[in-house]
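As structure tokens, the structure follows; a few thoughts come after it.
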Amino acid sequence: MTLKGFFLLLSIGAFTAYYVYQPIPDQIEERWKLMLTDCFFRTLSHLADFSELTGMKDYMGVMMFITFAERVVPQSDENVHVSEERFDGVEVVVYQPKVLGGETELRRAVIYLHGGGWCLGSSRMGPYDLLARQMVIDLNSVVVSVEYRLAPEHHFPVPYEDVYRVVKHFLQMEVLAQYAVDPGRIAVSGDSAGGNLAAAVSQQLQQDPYQQVKLKVQALLYPVMQALDLNTPSYQQNQNMPILPRTLMVRFWSEYFTSDKNFFRAMMANTHNSPESAALLKFVNWSAFLPESYRGKYNYSAPSVTLRGTGSGPDTLSHSIADPRASPLLVPDADLQSLPKAYVLTCEYDVLRDDGVMYAERLRHAGVQVTHEHYTSGFHGALMFTMWPTDFMIGHTMMENLIRWLQQNL
Ligand SMILES: *[C@@H]1O[C@H](CO)[C@@H](O)[C@H](O)[C@H]1NC(C)=O
Ligand SMILES: *[C@@H]1O[C@H](CO)[C@@H](O)[C@H](O)[C@H]1NC(C)=O
């Protein structure tokens, strides 16, 4: 090898090591695997930025690669019958236990909402397909996995409304009968942005005076709960944590509402609150709702409030960020009291940790039965990592604990 070649190799090696190596807390297991996984996500994100900058394809359009790479065609097997259907116009994948003989026993049901920041993801991704099948087998339940429409093509409230329509459709007596579902044993669940949708739907359903069939439980897995304060201690502590750095979460939030980059910049600076949303800051006040152990060294300062509007209609935007269908943490205690029993999963190494912790605290305070499972070595998105080559033990543990809770409570 020539000296030049040697130096070239050396510099490529050094660059790669520098690029791949991200400080990851010792508490996290399988750190190298997470570093490599994160490296893939970061590279894709850089590509997406570049592509958007040069006008080739928008950022989320490139990030959708992850969704397509993990896409499967959900198929029936010896235990599970799978069908792709439409509930009130919205695509769903329905998983049902295969019945032997003339079984008539009514079953449980889980309505599942996938994550991906309202912009990415699909019910047809391998890990969601796996989770749905596991639930069918272990819970003898029907699983309805919802293919709601995504931002930025469909901004808020479209994704939320798609989910609400599916839930309203499914909770009709004649539809439940068709799937042999027990009306008293229905859950809604979702991870990340799906947890946000699950919490919002549970609240809105409770307020609907004509709704007869109720949800029995809600299982919120590292959910997104509020858009008002993007500087909670967990946002600060985990701002560069894989696989959801603060920039990406802020990007998801802003794209959920608008494609206006000014709004993204305001959210990054945590100066996006209007006088209208500022009136609700009391519901996300982490110096009041976050237990001291989570507050750590961070001192509370309320996000600043701006009167300045952004390009695409400041009124609509401030309405949206203050809307509990987008930020379910923004409701008074009276609206929490009658909510279904809850399971809340949070991870220490996650910008969204405090969103989930505060909701669990507020629910408990309002008298709702809550199981709060906090993973001290957990990182955001771990439930998506249950399949080769990104297969993490903690993802399997989370899945087992969730299903066990559903076995006992649904
Ligand atoms: C937040 O709570 C603290 C005390 O718990 C209080 O002093 C402060 O005024 C509150 N701020 C807001 C914006 O609600
Ligand atoms: C929080 O406030 C205390 C007391 O004023 C100060 O000593 C500490 O450095 C502050 N922490 C941070 C992270 O700014």
Side-chain angles (χ1 to χ4, degrees), residues 22-28 196 199-200 203 223-241 244-247 249-250 253-254 257 263 265-310 314-315 317-337 339 344 346-368 370 372 374 376 379-380:
Q22 276 291 104
I24 287 182
D26 291 340
Q27 286 80 356
I28 293 182
N196 164 279
Q203 289 183 0
V224 196
M225 296 304 295
Q226 55 89 24
L228 299 196
D229 190 350
L230 307 177
N231 266 344
T232 60
S234 61
Y235 265 107
Q236 296 184 54
Q237 173 188 293
N238 303 303
Q239 58 179 313
N240 296 314
M241 202 59 70
L244 185 67
R246 180 172 182 270
T247 335
M249 189 57 232
V250 171
W253 260 129
S254 67
F257 298 126
F263 193 62
R265 282 188 280 271
M267 282 190 132
M268 277 303 285
N270 214 31
T271 56
H272 57 291
N273 279 283
S274 65
E276 187 194 359
S277 65
L280 303 175
L281 278 171
K282 59 175 188 274
F283 295 128
V284 300
N285 184 343
W286 54 263
S287 84
F289 297 125
L290 206 57
E292 200 174 345
S293 57
Y294 295 100
R295 269 181 271 149
K297 63 177 183 187
Y298 300 99
N299 296 320
Y300 184 75
S301 70
S304 60
V305 179
T306 336
L307 290 163
R308 158 183 57 94
T310 67
D315 291 344
L317 274 181
S318 60
H319 270 101
S320 299
I321 66 166
D323 191 326
R325 294 174 307 164
S327 294
L329 196 58
L330 302 182
V331 298
D333 286 1
D335 291 356
L336 297 175
Q337 277 159 11
L339 285 175
V344 181
T346 56
C347 294
E348 181 60 24
Y349 301 106
D350 180 0
V351 289
L352 299 173
R353 179 197 72 185
D354 298 343
D355 278 30
V357 174
M358 284 196 279
Y359 199 54
E361 289 290 315
R362 291 202 50 209
L363 285 173
R364 191 177 288 141
H365 182 77
V368 177
V370 183
H372 176 201
H374 180 65
T376 52
F379 57 91
H380 190 84

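When a ligand or atom number is given, it counts from 1 through the structure's own listing order.
- No hydrogens or angles considered: a donor-acceptor pair under 3.5 Å links the side chains of Gln27 and Tyr349.
- Not counting sequence neighbours, Asp229 has no partner by the salt bridge (Lys or Arg N to Asp or Glu O under 4.0 Å) test.
- Remark: Arg295 is not positioned above the aromatic ring of Tyr300, lacking an NZ or CZ atom under 6.0 angstrom from the ring centre and at most 45 degrees off the axis.
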**Request:** May I have the step-by-step check of side chain to side chain contact (heavy atoms under 4.5 Å, CB included) for Tyr294 and Val357, ending in yes or no?
**Result:** CA-CA 9 Å; Tyr294 295 100; Val357 174; 3.8 Å; yes
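- Side-chain contact between Asn238 and His380: absent, with no pair of heavy atoms (C-beta onward) separated by less than 4.5 Å.
- With contacts defined as side-chain heavy-atom distances shorter than 4.5 Å, the pair Met249/Val224 qualifies.
- Between Lys282 and ligand 1, not a single N/O pair is under 3.5 Å apart.
- For the pair Arg353 (side chain) and His374 (backbone), a donor-acceptor distance under 3.5 Å is absent.
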Note every protein N or O atom lying under 3.5 Å from an N or O atom of ligand 2, pairing the names and giving the distance.
{"unit_1": "ligand 2", "atom_1": "2 (O)", "unit_2": "Asn299", "atom_2": "OD1", "d": "3.3"}
{"unit_1": "ligand 2", "atom_1": "2 (O)", "unit_2": "Asn299", "atom_2": "ND2", "d": "2.3"}
{"unit_1": "ligand 2", "atom_1": "11 (N)", "unit_2": "Lys297", "atom_2": "O", "d": "3.3"}
{"unit_1": "ligand 2", "atom_1": "11 (N)", "unit_2": "Asn299", "atom_2": "ND2", "d": "2.9"}

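- Set against the non-hydrogen atoms of Ala288, the atoms of ligand 1 under 4.0 Å away are 5 (O).
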